[in-house]
Amino acid sequence: MRRLISSGSPFERTAGYSRAVVQGDWCFVSGTTGYDYATMTMPETVEAQTRNCLSTIRGALEEAGFSLADAVRCHYYVTDAAFADIVFPILGEAFGEIRPAATMIVCDLIRPEMLIEIEVTALRQR
């Protein structure tokens, strides 16, 4: 059974995607940027954006019946290689004991205020 999860972001409806899609024991969380979707504000720092990304992802996973502990793959997209050393400790707080497979890519994101985007794939633990 397929289940769609929304974070309430207006981007989801406009661009035609879900924050997360649950298919069986899998949950695929879309690339998530640092917006606070309740206020549609974006923090200025990569640290605050990373924390917002993780909060949104955690919320989507929990709504879907998963947790961060179910993460098996993470993709991190940052706009500056210097951000890696800044966000690693924050990511370590969230995933340090879980240790999913992960990749970090330096690239442009679709809006200049976006400094990081994170996507997660989770597999329900049995």
Side-chain angles (χ1 to χ4, degrees):
M1 181 173 83
R2 182 177 170 174
R3 183 169 162 223
L4 306 179
I5 306 296
S6 175
S7 65
S9 165
F11 301 132
E12 293 169 23
R13 181 166 301 282
T14 302
Y17 72 96
S18 296
R19 175 63 48 212
V21 175
V22 179
Q23 184 72 46
D25 287 335
W26 292 92
C27 184
F28 303 90
V29 182
S30 292
T32 303
T33 61
Y35 280 103
D36 174 338
Y37 291 108
T39 62
M40 284 310 295
T41 58
M42 177 70 82
E44 291 186 17
T45 68
V46 71
E47 297 95 330
Q49 287 188 29
T50 302
R51 292 187 193 288
N52 278 2
C53 291
L54 293 170
S55 177
T56 300
I57 290 165
R58 186 178 291 110
L61 287 169
E62 289 174 358
E63 183 176 337
F66 292 76
S67 73
L68 282 181
D70 294 315
V72 295
R73 159 122 10 237
C74 298
H75 292 136
Y76 307 112
Y77 306 92
V78 293
T79 58
D80 188 323
F83 291 157
D85 288 334
I86 297 169
V87 302
F88 280 167
I90 299 167
L91 299 172
E93 289 170 14
F95 296 110
E97 296 302 315
I98 302 161
R99 299 185 56 189
T103 301
M104 182 172 281
I105 298 168
V106 178
C107 62
D108 287 332
L109 295 174
I110 63 171
R111 299 237 165 107
E113 66 270 18
M114 296 174 176
L115 304 177
I116 186 167
E117 185 167 347
I118 301 172
E119 66 178 320
V120 170
T121 302
L123 175 62
R124 192 179 324 274
Q125 303 299 308
R126 296 187 178 248

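Computation of the quantities below employed the complete heavy-atom set of this structure, encompassing side-chain atoms and omitting hydrogens, waters and symmetry-equivalent molecules.
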Are the side chains of [X] and [Y] in touch, meaning some heavy atoms are under 4.5 Å apart?
X	Y	value
Leu68	Ile57	yes
Cys74	Val120	yes
Met42	Leu115	no
Val87	Tyr76	no
Thr79	Met114	no

[X]: side chain to side chain contact (heavy atoms under 4.5 Å, CB included) partners, not counting sequence neighbours:
X	answer
Asp80	Ala82, Phe83
Pro43	Ala48, Gln49, Asn52
Cys53	Ile116, Ile118
Ser30	Tyr17, Arg19

Who are the side-chain hydrogen bond (donor to acceptor under 3.5 Å, both in side chains) partners of [X], not counting sequence neighbours?
X	answer
Glu93	Arg51
Ser6	Glu12
Glu119	His75, Tyr77
Ser55	none

Which heavy atom in [X] sits nearest to a heavy atom in [Y], and how many Å separate them?
X	Y	result
Met104	Ala84	SD-CB, 3.7 Å
Val72	Pro100	C-CB, 3.5 Å
Thr41	Thr39	OG1-OG1, 2.7 Å

Is there any salt bridge (Lys or Arg N to Asp or Glu O under 4.0 Å) pair reaching into residues 27-36, and which pairs are they, with sequence neighbours excluded?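 Output for this query is empty, none listed.
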
Pairs meeting criterion salt bridge (Lys or Arg N to Asp or Glu O under 4.0 Å) with involvement of residues 60-74, two or more places apart: none

So which residues get pulled into Val21's cluster when ILVMFWY side chains under 4.5 Å apart are joined, directly or through others?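 Members alongside Val21: Leu4.
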
So if you build clusters from Ile, Leu, Val, Met, Phe, Trp, Tyr with side-chain heavy-atom gaps below 4.5 Å, do Met40 and Ile110 land together?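 Yes, same cluster.
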
Taking a hydrophobic cluster as the set of Ile, Leu, Val, Met, Phe, Trp and Tyr residues connected by side-chain heavy atoms closer than 4.5 Å, whether directly or through intermediates, do Trp26 and Phe66 fall within one such cluster?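 No: no chain of side-chain contacts under 4.5 Å links Trp26 to Phe66.
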
Residue pairs passing the side chain to side chain donor-acceptor pair (under 3.5 Å) test where at least one lies in residues 94-114, sequence neighbours excluded: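 Every side chain to side chain donor-acceptor pair (under 3.5 Å) pair that includes a residue of residues 94-114, provided the two are not neighbours, is Tyr35-Glu113.
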
For the atom pair [atom1] ([X]) and [atom2] ([Y]), what is the distance rounded to the nearest 0.5 Å?
X	Y	atom1	atom2	result
Ile98	Gln125	CD1	CD	9.5 Å
Met1	Gln23	CE	CD	9.5 Å
Leu91	Leu54	CG	CG	6.0 Å

In sequence, state the C-alpha distance, the side-chain angles, and the governing distance for Leu61 and Ser67, and then conclude on side chain to side chain contact (heavy atoms under 4.5 Å, CB included). CA-CA 5 Å; Leu61 287 169; Ser67 73; 5.8 Å; no

